[in-house]
Amino acid sequence: MREIAYEEIVKNVRDIIVYSASHLPEDALDAMKKAYENEKSPVSKEVLKQLLENAQIASSEARPLCQDTGLAVFFVKVGADVRVVGGLLKDAINEGTEKGYREGYLRASTCEPFSRLNLKDTVGYNLPAIIHFDIVEGDKIEIEYAAKGGGSENVSRAKVFPPAAGKEGVIEYVKECISDAGPNPCPPLTVGVGIGGTFEKAAISSKHALFRNIGSVNEDPEMAELEGVILKELNKLGIGTMGMGGTETVLAVHIEANPCHIASLPVSVNVQCHSSRHTHITI
Amino acid sequence: MSKTYHLTTPLSDEDVAKLESGDIVYLNGTIYTARDAAHKRLVDLLDEGKELPFDLKGAIIYFVGPTPPKPGDPIGSAGPTTSYRMDSYSPRLIAEGLKGMIGKGKRNQEVKDACVKYKAVYFGATGGAGALLGKQIKSAEVIAYEELGPEAVRKLEVVDFPVTVVNDAYGRDLYQIGREQYEVK
Ligand code: SF4
């Protein structure tokens with residue numbers, strides 16, 4: 001069985017958090033440049049230019065792209081033949097998160113649900129991280145990370161439809177979600193859609209769908225086609241960059257589908273803003 | 001057609017009167033930051049008839065919770081937060097003399113009505129452009145509610161801080177106008 005030191009996990013997590021905060025990944029940058037080329041509205045085009053300039057300043061001066069440096073969200077695949085020595089994997093990820101946010105001068109955005117007070121004095125800085133674990137074959141640990149901002153998270157939604165709702169129902173639901181959201185989630189967006197599973201499985205799938213590289217093609221041809229249909233529908237909404245009106249509202253639609261109960265069709269829509277800070281590493 | 005202006009705070013009624021939805025404005029001078037928790041406290045102070053930590057007359061409030069500054073910098077990244085969370089407090093502050101708000105996203109009808117009634121504007125700053133906007137802030141000082149961390153009230157000095165007029169004092173809304181123009185029915 002392969003062994004990985006607790007400290008190595010802490011360091012890796014810290015590093016990807018600090019780096020991601022100021023470096024927009026290639027896929028997001030390329031999609032934004034494409035949107036800039038295609039945008040018909042001069043106002044939206046101007047704002048897209050500002051965003052590309054922002055990305056440039058952020059990376060060259062190592063400043064956070066956005067002041068909302070998010071909650072830290074992880075999808076972690078742990079190989080069955082690897083073990084962490086010196087502590088728990090979960091603790092290592094949390095420790096790396098705290099270090100990353102603190103040492104990178106990133107904003108801690110966690111608070112108690114009702115008092116709205118920051119937990120940093122009792123639990124830690126921007127903790128706890130949101131972590132989803134999976135056990136897989138092999139002796140590696142794969143960590144997918146994204147910083148998830150509040151503006152786009154707040155417009156996300158989930159619903160369990162009757163099976164008869166079908167594809168039409170899903171398309172309408174996603175359209176309604178993005179239309180209602182308008183400028184609030186900082187478009188141009190990536191839209192994650194979880195279909196099937198159970199209520200929570202759909203929600204987690206819609207989150208995980210946002211970690212996929214923008215511009216990549218869905219392996220399931222049926223879902224790939226549906227992604228194209230929804231994308232076209234969403235860009236008819238006219239919302240544009242930051243809601244200023246325009247043709248490029250959504251950069252990509254990513255679907256993750258799962259088998260579900262014969263009685264239900266769960267659907268979840270999770271929205272990511274243009275500041276799509278995501279990355280993954282394998283240790 | 002959208003016009004471009006350079007304005008210095010505090011804003012006068014004349015400043016506000018010339019602005020129209022879609023205009024680009026470069027702001028200079030002092031602006032104040034406040035988010036949800038600070039807004040609640042400001043309105044509570046007004047209810048109790050107490051003095052606010054800054055003068056509202058002609059003031060601009062920026063809805064922002066910046067990242068902590070790196071050593072030597074006045075502030076970290078500082079883009080706008082979503083404004084609707086301040087909707088229940090803004091009309092009260094506008095009635096007391098607030099002339100401008102900077103944020104991102106839609107406002108409700110009460111806020112738009114208050115902008116018309118008391119002559120105020122809602123500016124949109126580019127959400128997610130925190131690095132770029134942070135550079136236009138030359139100094140920052142916490143003047144109240146330090147315990148709220150990123151939500152504390154800060155006094156900022158800005159130079160050519162770029163914003164767009166979303167809701168003007170005539171009831172217009174750039175989010176509606178812009179979208180209608182590009183919507184495919
Ligand atoms: S939605 Fe995204 S870009 Fe907009 S403020 Fe939040 S994190 Fe930043």
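A, B, ... follow the sequence lines: proteins, then strands. Residue 1 opens every chain.
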Would B/T67 and A/Q67 count as having a side-chain donor-acceptor pair, cut-off 3.5 Å?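 Per modelled atom types, B/T67 and A/Q67 side chains form no pair under 3.5 Å.
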Please tell me whether A/T249 and B/R179 have a donor and an acceptor in their side chains that are separated by less than 3.5 angstrom.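 No donor-acceptor contact under 3.5 Å links the two side chains.
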If we ignore hydrogens and angles and just use 3.5 Å, is the side chain of A/D68 paired with the main-chain N or O of B/T81 as donor and acceptor?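 Flag not set: sc A/D68 to bb B/T81 has no pair under 3.5 Å.
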Against chain A, work out which of [options] has the most heavy-atom pairs shorter than 4.5 Å and name it.
{"options": "B/K104, B/E151, B/K70, B/E147", "answer": "B/K70"}
{"options": "B/A37, B/P80, B/G65, B/A78", "answer": "B/G65"}
{"options": "B/G128, B/P162, B/S83", "answer": "B/G128"}

Region of [X] that comes under 4.5 Å of a non-hydrogen atom in chain B:
{"X": "A/T69", "value": "side chain"}
{"X": "A/N154", "value": "side chain"}
{"X": "A/A62", "value": "both"}

Other residues, nucleotides, ligands: >12 heavy atoms within 6.0 Å of [X] [atom1]:
{"X": "A/K49", "atom1": "NZ", "value": "no"}
{"X": "B/Q109", "atom1": "CD", "value": "yes"}
{"X": "B/F54", "atom1": "CZ", "value": "yes"}
{"X": "B/K18", "atom1": "NZ", "value": "yes"}
{"X": "B/Y145", "atom1": "OH", "value": "yes"}
{"X": "A/K175", "atom1": "NZ", "value": "yes"}
{"X": "A/K99", "atom1": "NZ", "value": "no"}

Mind checking whether A/E61 and B/K135 have side chains closer than 4.5 Å, heavy atoms only?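 Yes. Closest side-chain heavy atoms under 4.5 Å.
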Do B/T126 and A/L51 come close enough that some side-chain heavy atom pair is under 4.5 Å?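 Touching, per the 4.5 Å side-chain cut-off.
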Quick check: closest heavy atoms across [X] and [Y], and the distance to 0.1 Å?
{"X": "A/M244", "Y": "B/L174", "answer": "SD-CD2, 3.3 Å"}
{"X": "B/Y182", "Y": "A/P42", "answer": "OH-CD, 3.6 Å"}
{"X": "B/P69", "Y": "A/Y105", "answer": "O-CD2, 3.4 Å"}
{"X": "B/P66", "Y": "A/R107", "answer": "O-CD, 3.5 Å"}
{"X": "B/A131", "Y": "A/I57", "answer": "CB-CG2, 4.2 Å"}

Quick check on the interface: out of [options], who has the most heavy-atom pairs with chain B under 4.5 Å?
{"options": "A/G151, A/G182, A/G246", "result": "A/G246"}
{"options": "A/H274, A/E46, A/E53, A/Q56", "result": "A/H274"}
{"options": "A/G150, A/S41, A/S22", "result": "A/S41"}

With rounding to the nearest 0.5 Å, note down the distance linking CD in B/E183 to OG in A/S179.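 Answer rounded to 0.5 Å: 7.0 Å.
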To the nearest 0.5 angstrom, please state how far the CG atom of B/L132 sits from the SG atom of A/C66.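 Nearest 0.5 Å value for the CG-SG distance: 12.0 Å.
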B/D36 versus chain A, heavy atoms under 4.5 Å apart: side chain, backbone, both or neither?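 It is neither, since no heavy atom gets under 4.5 Å.
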